[in-house]
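Chain naming here is simple, since letters A, B, ... match the order of the sequence lines and numbering starts at 1 in each.
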2 protein chains.
Amino acid sequence: MRKPTLEEVAIEAGVSKMTASRALRGAVDVSSETRGRVLAAATRMNYVGNRLALSLSSQRTNLVAVVVPSMSNIVFPEVLAGISAGLDGSGMQAVFGISDYDVNKEREIIRDMLSWQPCAIIVTGLDQPEETVGLLRHADIPVIQLMDLDGTPIDFNVGLSHGAAGEDMAEALIAAGRSRFGYVGSALAKDQRAGKRKAGFERVLRAHGLGFTEQRIDDAFSSIALGKQLTTALLAAVPDLDCIYYSNDDMASGGLFACMELGVAVPRQVLIAGFNGLDLINSLPAPIATSRSPRRAIGEIAAQLVRRAVADEGDVGERTIKFKPTITGIGD
Amino acid sequence: MRKPTLEEVAIEAGVSKMTASRALRGAVDVSSETRGRVLAAATRMNYVGNRLALSLSSQRTNLVAVVVPSMSNIVFPEVLAGISAGLDGSGMQAVFGISDYDVNKEREIIRDMLSWQPCAIIVTGLDQPEETVGLLRHADIPVIQLMDLDGTPIDFNVGLSHGAAGEDMAEALIAAGRSRFGYVGSALAKDQRAGKRKAGFERVLRAHGLGFTEQRIDDAFSSIALGKQLTTALLAAVPDLDCIYYSNDDMASGGLFACMELGVAVPRQVLIAGFNGLDLINSLPAPIATSRSPRRAIGEIAAQLVRRAVADEGDVGERTIKFKPTITGIGD
DNA sequence: ATGAAAGCGCTAACAC
DNA sequence: GTGTTAGCGCTTTCAT
């Protein structure tokens, strides 16, 4: 038997389509006797409503489009989990797309998602090219830009300043007495936020008359293995560094393992600093410094903003939610 | 200005709705002059098609529903990335839901997703309760069950036998001369696959007249920190173990860090064995054994199955794709 | 408390 | 090559 429609359920229950619709949605003005008959018929027939028809007819959807650049490190999955949890109970449903850090792919994914008429869209970063911004603007729905604050938001913005995160880390490391800095990074051309952290870090170094003594940057995406490999190369070239800044904690963890293998004392001889505050680093055999970013909270707050904006009770509240990462792992 | 409809684009281009529709979809029998006018009008008006209407009218969607239990360790994000990549270029779009290892939540998510009329659905595991299986069956679309093979599939099945994975690991460890086994696990009540691995492992131990000397199991979800904590407790209770089996690599990595802190030599004194084959473990300061599971490939294969099943050229090919995990880290 | 009519924006099927 | 007609399955609005 084919999938039953509302009409067929209504006939089975001996009522009109409209009454069946009201009963299934739990409307108030349906006699409980009728409601019972409709619900029973629906259950018996394994009725599952058709949201395409529902949304087309009612001109509203419960879809929240979400576009993230990657699933290959734990950061974005945690953001997605936050969004998903924050949407729980709202009747809204997140739809995810992965752009692989590719602006063209991102634009096409956004275009595709917009055709589903989502009630809001969440994207990563605020450095989209003009054409993508145009798409987003014309969609005429709330746009939430996540993670980064360094730029001009379209609408709503939740995240932290990566430039400032880099600056703060540099200040803290200099204050801790470090002065011979190296840098290890990956995929900076694609990961704009990592680039902003590095730029912020370097601004502070310059202000103190310092700079990176040496750096190793690879085009591949960040990983523990890559961090280990580049660190080994870096220390072979410049053995007397006393601090290495990494594009993130994955790379930094690899750096720690490289140091252990080389017999370099961490943090006594070389201090290792990353970014993210992954759970991993709390269990590592030696302390590494990091800026703890509230990834899950960013997702949850984004979900709250969506709920508020979609409910639209006039006052939407703050349009920019700023987090300040806390630095840990430097002599604490 | 409101969002333009196909009809408005058609009027702007001076043609009928149908011609505009054909032009935008790149149909063959539209004069290139007409096509040009329609495309120009659509671009000028920032036209974005309405997929709700498209799918309702054409009775087909490009949606692939995917339900995973968690985003908190890297395993499922990698599967999702595989699915997303495998669907690339097919015009299909994955929609993800997270069940938090909760069967009731999983059922409601599936019900919700089915109302969007997806063309296929991918779920994790094959131990869904009867009611959920009923939902899936009645949906009358290809159902792909991922990760696990130990059970009766509804339709398509991609994964590996976790029972066999546990057995194989036990055989390998016994062959390597280990005999005093401990077990460290987490959330076994929820993570059924981890439970199946443990059961398989124990079957082999018993067959050799052995058993777990001691175990530590916590209700919390797996993490490196939890693995470290439970291992410390386990070794305090039974210091003379020569091998510890973990519910997965996260827990096992924590176990390694615990051993390093306690001055226990790995693998000489205690061999540590996990499951998954995470990239992480290749960079660790000591070797740990693991069963490498092809997470991304499982996602990609699932996407292939979906494409084939939806295209439906009569022969759909194999309905069960079995992977055999390879064991690494035992004296290699 | 229930029903009838109209229509959401698009495509399928059939004209011309 | 292009247009017309008739829905897809539901909700909205208005009537009773």
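Residue A/Arg51 is classed as having no contact, given no heavy-atom separation below 4.0 Å to the nucleic acid. B/Asp29 comes within 4.0 angstrom of a nucleotide base, judged by non-hydrogen atoms across all strands. When heavy atoms are screened at a 4.0 angstrom cut-off, B/Arg60 is found touching the sugar-phosphate backbone but no base atom. At the heavy-atom level, A/Leu56 lies under 4.0 Å from base atoms of the strands shown. At a threshold of 4.0 angstrom between heavy atoms, the contacts of A/Ser55 with the nucleic acid are absent.
Proximity of B/Tyr47 to the phosphate of C/dG9: no side-chain N or O atom is located under 4.0 Å from OP1 or OP2. The phosphate of D/dC10 (OP1 or OP2) has no side-chain N or O of A/Ser21 nearer than 4.0 angstrom. At D/dG7, none of the side-chain N or O atoms of B/Ser57 fall inside 4.0 Å of OP1 or OP2 (strictly under the cut-off).
Salt-bridge annotation for A/Arg308 and A/Glu318: absent, with no side-chain N of the basic residue lying under 4.0 Å from a carboxylate O of the acidic one. The existence of a salt bridge linking A/Glu108 and A/Lys105 is excluded, since no basic side-chain nitrogen approaches an acidic carboxylate oxygen closer than 4.0 Å. We find that B/Lys196 and B/Asp148 are joined by a salt bridge, their nearest charged nitrogen and carboxylate oxygen being less than 4.0 Å apart. Remark: B/Asp150 does not engage B/Arg193 in a salt bridge, criterion side-chain N to carboxylate O under 4.0 Å.
The residue among A/Leu6 and B/Gly14 whose nearest nucleotide of DNA chain D lies closer to the 5′ end is B/Gly14. Of the residues near DNA chain C, B/Arg22 and B/Gly49, the one whose nearest nucleotide (by heavy atom distance) lies more toward the 5' end is B/Gly49. Of the two residues near DNA chain D, B/Ser16 and B/Gln59, the one whose nearest nucleotide lies more 5' is B/Ser16.
B/Asp100 places no side-chain N or O within 3.5 Å of a backbone atom of B/Asp102 that could act as its donor or acceptor partner. With hydrogens and angles ignored, the 3.5 Å screen pairs no side-chain donor or acceptor of A/Arg51 with any backbone N or O of A/Gly49.
Among D/dC10, D/dG3, C/dG9, the nucleotide with an atom closest to any side-chain atom of B/Val15 is D/dG3. The listed nucleotides are D/dT12, D/dT2, C/dG9; the one nearest the side chain of B/Thr34 is D/dT2. Closest approach to the B/Ala53 side chain among C/dC10, C/dC8, D/dG9 is made by C/dC10 (side chain taken as heavy atoms from C-beta onward).
Relative orientation of the B/Phe76 and B/Tyr101 rings is perpendicular, given thresholds of 30° and 60° on the angle between their planes.
The interatomic distance linking B/Lys17 (NZ) with C/dC10 (P) rounds to 8 Å, in whole Å. Atoms CD (B/Glu7) and C1' (C/dC8) sit 12 Å apart, rounded to a whole Å. Straight-line distance from the CD1 atom of B/Ile11 to the P atom of C/dC10: 12 Å, rounded to whole Å. As a whole-Å value, the separation of A/Leu54 CG from D/dG9 C1' is 9 Å. One can place CD of A/Gln117 at 18 Å from P of D/dT11, the figure rounded to the nearest angstrom. Here D/dG7 presents its P atom at 16 Å from CE of B/Met18, a figure rounded to the nearest Å. The interatomic distance linking B/Trp116 (CH2) with D/dG9 (C1') rounds to 13 Å, in whole Å.
Between its two ends, the helix from C/dA1-D/dT16 to C/dC16-D/dG1 turns its axis by 30°, counting five pairs per end and rounding to 10 degrees.
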